[in-house]
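First comes the structure, then the notes that go with it.
Residue numbers start at 1 and run along the sequence shown. Just so it is clear, the model here is predicted, and its values are computed rather than measured. FYI, side chains are in, hydrogens and waters are out, and symmetry mates aren't considered; it's all heavy atoms of this structure.
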Amino acid sequence: MTHDTTFDYIIVGAGTAGCLLANRLSANASKRVLLIEAGRKDDYHWIHIPVGYLYCIGNPRTDWMFHTAAEAGLNGRSLRYPRGKTLGGCSSINGMIYMRGQARDYDGWAQLTGDASWTWDNSLPYFKLHEDHYQGANAAHGAKGSASPLIQNVTTDYGKVLRHHKAGGEWRVEKQRLRWDILDAFAQAATEAGVPATDDFNRGNNEGVGYFEVNQKNGWRWNTAKAFLRPMCYARPNFELWNGAQVAKLVVEPHAGSGPLDAPLRCTGVQVWNGSEMVTATARAEVVLCAGAVGSPHILQLSGIGPANLLQNHGVPVAQDTPGVGANLQDHLQIRAVFKVKNTTTLNTQANSLWGKAKIGLEYALKRSGPMSMAPSQLGAFTRSSPDRPYPNLQYHVQPLSLDAFGEPLHTFNAFTASVCNLNPTSRGTVTLQSPDFRAAPRIAPNYLSTDEDRQVAADSLRITRRIVAQPALQKYQPEEYKPGVQFQTDAELAQLAGDIATTIFHPVGTTKMGRVEGPDHDPLAVVDSRLKVRGVAGLRVVDAGVMPLITSGNTNSPTLMIAEKAAQWIAEDAELRQ
């Protein structure tokens with residue numbers, strides 16, 4: 001750490017959003033940018049080998065090691081709750097699936113916030129700006145070297161700076177480098193059950209079945225540290241990275257504004273524990289929280305911004321009573337059904353001998369393909385839990401393997417797993433501090449399956465899985481339901497069973513939700529406005545998955561990058577206005 005601890009921008013969290021923001025904001029050489037990461041650098045080899053997520057999740061080297069509270073909807077179980085603690089954040093340990101969700105998600109955000117800039121049509125260019133799609137640029141996708149109108153056709157400092165740096169196309173999207181007979185058969189069975197085949201889940205309506213596209217480059221994981229930090233930031237004299245440094249709290253002071261609409265408080269910096277001492281870093285312009293849907297509300301609460309009763313109960317002085325901080329937690333809960341199969345080979349038996357493991361390792365070493373290049377899920381499908389649903393509300397992750405629980409050994413028999421999740425859960429949970437000590441983990445209570453609708457969708461989704469597996473395309477493999485078991489048939493049995501076997505798919509969002517913060521139809525639980533500024537606190541934004549008012553209909557990593565891309569432009573343009 002340098003002796004000069006005053007910066008223009010301080011970004012808290014070098015994860016998915018933080019790395020992109022650091023790249024965009026430090027492109028302006030006149031702005032000093034500090035990026036703070038509690039974890040270590042991303043120099044652990046298992047981060048970069050795709051199958052290495054098995055060794056990163058549940059590893060304190062790369063994971064915060066959170067667990068949920070005991071969940072009533074999961075029949076008293078507590079779940080492991082992985083969150084990335086390294087450069088790249090969750091993009092260093094996630095499933096690498098490139099998924100935007102559905103156009104209706106973003107149109108819904110625009111309606112909830114009263115801000116048309118969040119519609120699908122107005123968000124698509126921000127997806128495309130950083131995308132480097134293997135097929136090149138087209139109406140739906142961006143690619144490195146393609147001229148984005150976002151920076152080509154504007155005269156702001158933001159556009160000029162990024163154009164000068166030839167920014168864009170950093171986020172690589174590729175096809176997977178393997179296929180499996182059993183997955184091809186599942187895809188065909190899904191089409192026989194009425195799910196159309198698709199070659200692109202990312203055009204706004206993701207209904208269909210096909211292989212996922214992944215954030216990889218030549219068989220290696222492509223995380224946001226590689227994409228946005230390494231190429232440019234490290235060489236910039238105005239950029240500084242503090243890693244192994246945990247933010248203990250924000251520095252929040254009374255703000256003497258010039259008008260009645262000015263915020264009563266201002267965030268002027270952060271207190272950072274570097275392992276040996278507490279250091280205060282000061283921000284001239286803005287502090288940007290990018291610590292994720294668990295970390296950001298926790299830091300706000302530690303700083304006195306949150307539900308007053310909660311803060312008082314833990315002895316934290318209340319700077320501002322903001323009841324929505326830590327509320328509105330949403331997550332995708334997956335229900336894993338396992339089917340034994342015959343007349344084919346799956347990873348269970350491929351990897352159950354030293355010779356099999358050696359062959360897998362050799363294929364990856366020579367070709368960067370095979371099981372070591374696998375994302376956790378290879379085949380995807382989006383469909384409806386019942387015919388009366390107006391849009392796809394289920395997502396499948398299908399894998400040529402099976403195990404009792406994540407981290408457990410593979411089964412000794414050939415099998416595949418069809419995991420299904422409710423894309424639009426109505427259950428809402430919380431993230432709340434348990435101690436004023438910043439080193440103590442927050443309490444994470446997702447409140448899964450707490451509504452009748454979610455329990456009904458869970459039961460219906462297991463029936464849809466059975467209907468797909470019963471189609472002719474899979475019958476030569478003689479699928480046999482191993483888990484949950486055909487003895488469970490009624491709604492009540494299936495909902496109870498979902499509570500026994502369901503697990504998180506690691507998509508927490510919503511805990512610092514954006515919404516209307518003023519006017520008669522304001523949202524009392526909104527934490528940030530539609531430009532991601534924290535209500536009542538000048539100089540502070542939240543830019544991560546926590547700002548989503550409603551969870552996207554798919555994996556949440558790519559939408560988080562889009563949010564950060566928008567925020568980078570707003571932050572830069574606000575600075576230009578101040579000048």
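- Between Phe186 and Phe416, the ring planes are perpendicular. Angles over 60° get that label, and only those under 30° would be called parallel.
- Between Phe201 and Tyr211 the shortest heavy-atom distance is CE1-O, 4.1 Å.
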Side chain to side chain contact (heavy atoms under 4.5 Å, CB included) between Arg83 and Phe506, intermediate numbers included | CA-CA 8 Å; Arg83 297 285 84 202; Phe506 320 137; 3.9 Å; yes

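- Comment: Lys513 engages Asp523 in a salt bridge, judged by a side-chain N to carboxylate O separation of less than 4.0 angstrom.
- With hydrogens and angles disregarded, a donor-acceptor distance shorter than 3.5 Å links the side chain of Gln301 to the backbone of Leu433.
- Of the charged side-chain nitrogens involved, none lies within less than 4.0 Å of a carboxylate oxygen, so that Arg535 and Asp529 do not count as a salt-bridged pair.
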Could you check Asn557 against His507 for side-chain hydrogen bond (donor to acceptor under 3.5 Å, both in side chains), going step by step and ending with a plain yes or no?
-> CA-CA 8 Å; Asn557 185 255; His507 296 163; over 6 Å; no

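- Put simply, the side chain of Gln569 never gets that close to the backbone of Tyr126: no donor and acceptor are under 3.5 Å apart.
- For Lys128 (side chain) and Ala139 (main-chain N/O), a donor-acceptor pair under 3.5 Å exists by modelled atom type.
- Taking the charged nitrogens against the carboxylate oxygens, Asp521 and Arg516 do have a contact shorter than 4.0 Å, which makes a salt bridge.
- No option in Thr503, Ile501, Val457, Leu494 other than Ile501 meets the side chain to side chain contact (heavy atoms under 4.5 Å, CB included) test with Ile335.
- In terms of modelled atom types and a separation under 3.5 Å, the side chain of Asp454 and the main chain of Thr426 share a donor-acceptor contact.
- Judged purely by atom type and a 3.5 angstrom limit, Glu170 uses its side chain to pair as donor or acceptor with the backbone of Gly168.
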Passes side chain to side chain contact (heavy atoms under 4.5 Å, CB included), Thr198 versus Val209? Steps please.
-> CA-CA 6 Å; Thr198 184; Val209 59; 5.8 Å; no

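- Both tests hold for Arg104 against Tyr391: distance to the six-membered ring centre under 6.0 Å, angle to the ring axis within 45°.
- Scanning all heavy atoms of the two residues, the minimum distance from Thr560 to Ala17 falls at CG2-CB, 4.1 Å.
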Would you please test Tyr482 and His411 for ring pair (Phe, Tyr, Trp, His ring centres under 6.0 Å) and show each step?
-> CA-CA 11 Å; Tyr482 173 75; His411 291 142; 5.2 Å; yes

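- Not a single donor-acceptor pair under 3.5 Å links the side chain of Tyr448 to the backbone N or O of Ala502.
- Minimum interatomic distance between Ala441 and Gln434 (heavy atoms only, all atoms of both residues): O-NE2, 3.1 Å.
- By the 4.5 Å heavy-atom criterion applied to side chains, Ser91 and Met96 are not counted as neighbours.
- The aromatic rings of Tyr106 and Phe127 lie perpendicular to each other, with more than 60° between the two planes, well past the 30° mark.
- A cation-pi arrangement, defined by a distance under 6.0 Å to the six-membered ring centre and an angle within 45 degrees of its axis, is absent between Arg172 and Trp222.
- Side chains of Asn555 and Gln395: a donor on one and an acceptor on the other come within 3.5 Å.
- For the atom pair CG (Leu394) and OG (Ser461), the distance works out to 5.5 Å, reported to the nearest 0.5 Å.
- The existence of a salt bridge linking Glu174 and Arg221 is excluded, since no basic side-chain nitrogen approaches an acidic carboxylate oxygen closer than 4.0 Å.
- Under a 3.5 Å cut-off, the side chain of Thr512 and the backbone N or O of Gly546 do form a donor-acceptor pair.
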Could you please spell out the steps behind the side-chain hydrogen bond (donor to acceptor under 3.5 Å, both in side chains) verdict for Ser117 and Arg531?
-> CA-CA 10 Å; Ser117 64; Arg531 291 297 190 269; 3.2 Å; yes

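- Taking the charged nitrogens against the carboxylate oxygens, Arg384 and Glu207 do have a contact shorter than 4.0 Å, which makes a salt bridge.
- At distances below 3.5 Å, at least one donor-acceptor pair connects side-chain atoms of Asp63 with backbone N or O atoms of Gly58.
- When the side chain to side chain donor-acceptor pair (under 3.5 Å) test is applied to Tyr81, the partners found at least two apart in sequence or on another chain are Asp331.
- A pairwise comparison of heavy atoms in Val325 and Pro297 identifies CG1-O, 3.6 Å as the closest pair.
- A cation-pi arrangement is present between Lys566 and Trp118, with the terminal nitrogen or guanidinium carbon under 6.0 Å from the aromatic centre and inside a 45° cone about the axis.
- A salt bridge links Asp491 to Arg463: one of the charged nitrogens lies within less than 4.0 Å of a carboxylate oxygen.
- The only option from Val51, Leu347, Leu401 that meets the side chain to side chain contact (heavy atoms under 4.5 Å, CB included) definition with Pro371 turns out to be Leu347.
- Counting only heavy atoms from C-beta outward, the side chains of Gln399 and Leu379 never approach each other to under 4.5 Å.
- Taking all atoms of both residues into account, the shortest heavy-atom contact from Thr113 to Ser530 is CB-CB, 3.9 Å.
- Nearest approach of Val294 to Val431, heavy atoms of both residues: O-CG1, 3.8 Å.
- The pair Arg24-Glu565 meets the salt-bridge criterion, since a charged nitrogen lies less than 4.0 angstrom from a carboxylate oxygen.
- No option in Asn206, Val214, Thr556, Thr552 other than Asn206 meets the side chain to side chain contact (heavy atoms under 4.5 Å, CB included) test with Met99.
- Ion pair Asp199/Arg203 flagged as a salt bridge, since at least one NZ, NE, NH1 or NH2 atom sits closer than 4.0 Å to an Asp/Glu carboxylate oxygen.
- A donor-acceptor pair under 3.5 Å links the side-chain atoms of Glu481 to the main chain of Gly485, judged by distance alone.
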